[in-house]
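What follows is a set of notes on a single structure, which appears directly below.
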Amino acid sequence: MRVHLSLIAPREALAKVHWPDAGESFTDLQSSRTAAHIRLIFDELFFVELGLELKRREQRARTGIGFQIGASIREAIKKILPFHPTAAQKRVLKEIATDMQAPFPMRRLLQGDVGSGKNDRRVPSRDHRD
């Protein structure tokens, strides 16, 4: 794997990052782009990712509480939202509800545009630049 990725040995990288070879590019040294730097950067990212995967496996092994979301709860959620959800938002809400029924922690990153829902007819826009 190391050869396939063109990485130098860890011990060599540690030595060369502190005592670079004569003639090593000064620009590469300053920008941390030498073979030694690349190896150390790779190792750091590899171990961060390894740690995250171990954490994921640990979380998957834990059981949690599954929540049943019925029609009454769905209606209550719709009433408290200050906007009409788009089709995409409805799809994501359905995915979240499905995930919540499983007896393990949900791992989800929900992204959205700033101001999404501000063209709603029930709540007037506070931004008068529209």
Side-chain angles (χ1 to χ4, degrees):
M1 176 69 119
R2 182 174 68 82
V3 174
H4 175 72
L5 296 173
S6 302
L7 297 172
I8 64 174
R11 185 173 288 204
E12 181 183 359
L14 195 55
K16 285 189 176 187
V17 81
H18 291 287
W19 299 282
D21 292 335
E24 186 77 65
S25 165
F26 187 68
T27 304
D28 287 348
L29 286 166
Q30 280 188 312
S31 61
S32 302
R33 297 304 303 162
T34 67
H37 286 99
I38 291 169
R39 173 56 194 243
L40 295 176
I41 291 167
F42 174 86
D43 284 354
E44 185 170 345
L45 292 174
F46 175 80
F47 286 111
V48 165
E49 186 59 34
L50 179 62
L52 289 172
E53 180 57 29
L54 292 172
K55 189 77 167 164
R56 278 185 216 111
R57 288 181 185 196
E58 181 183 302
Q59 285 181 339
R60 280 189 214 121
R62 282 193 231 148
T63 56
I65 301 170
F67 294 92
Q68 297 304 315
I69 299 177
S72 61
I73 294 174
R74 290 178 197 276
E75 286 304 313
I77 291 171
K78 286 179 188 176
K79 286 181 182 177
I80 64 171
L81 290 176
F83 57 90
H84 295 290
T86 65
Q89 289 168 331
K90 288 177 184 177
R91 179 181 47 79
V92 169
L93 288 169
K94 183 179 180 187
E95 288 175 11
I96 290 171
T98 301
D99 283 354
M100 289 179 68
Q101 293 177 31
F104 51 85
M106 175 175 38
R107 295 181 53 241
R108 179 179 290 276
L109 173 64
L110 184 60
Q111 294 178 271
D113 295 334
V114 173
S116 60
K118 72 181 187 183
N119 291 326
D120 180 73
R121 294 183 184 141
R122 290 186 288 172
V123 179
S125 173
R126 292 186 194 141
D127 186 351
H128 299 290
R129 293 177 286 170
D130 286 344

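As the structure is a prediction and not an experimental result, all values here were calculated from the model.
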Treat each ILVMFWY residue as a node, draw an edge where side-chain heavy atoms are under 4.5 Å apart, and state whether [X] and [Y] are in one component.
X	Y	answer
Ile38	Phe26	no
Phe104	Ile96	no
Ile41	Ile8	no
Leu14	Leu45	no
Phe42	Leu50	yes

Closest heavy-atom pair and its distance - [X], [Y]:
X	Y	answer
Gln89	His84	OE1-O, 4.1 Å
Leu81	Pro85	CD1-CG, 3.8 Å
Ile69	Met100	CD1-SD, 3.9 Å
Ala36	Ala13	CB-O, 3.4 Å

Notebook entry, point to check: Is the shortest side-chain N to carboxylate O distance from Glu58 to Arg62 below 4.0 Å?
Noted result: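 Salt bridge present between Glu58 and Arg62.
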Contact check, side chains of [X] and [Y], non-hydrogen atoms, under 4.5 Å:
X	Y	value
Asp99	Arg108	yes
Asp43	Arg39	yes
Arg33	His37	no

Item checked: Distance in Å, Lys90 NZ paired with Arg74 CZ, rounded so as to fall on 0.5 Å steps -> 12.5 Å
Notebook entry, point to check: For the atom pair CZ (Phe46) and CG (Leu5), what is the distance rounded to the nearest 0.5 Å?
Noted result: 10.5 Å
Note to self: Run Lys16 and Thr34 through side chain to side chain contact (heavy atoms under 4.5 Å, CB included) and show every step you take.
What the structure shows: CA-CA 9 Å; Lys16 285 189 176 187; Thr34 67; over 6 Å; no
Margin query: Other residues, nucleotides and ligands only: do more than 12 of their heavy atoms fall within 6.0 Å of CD on Gln30?
Written below: yes
Item checked: Over 12 non-hydrogen atoms of neighbours within 6.0 angstrom of CG in Leu54 -> yes
Note to self: Run the salt bridge (charged side-chain N to carboxylate O under 4.0 Å, His left out) test on Arg57 and Glu53 for me, step by step, so that the C-alpha distance in whole Å, both residues' side-chain angles and the decisive distance to 0.1 Å come before the verdict.
What the structure shows: CA-CA 6 Å; Arg57 288 181 185 196; Glu53 180 57 29; 3.1 Å; yes
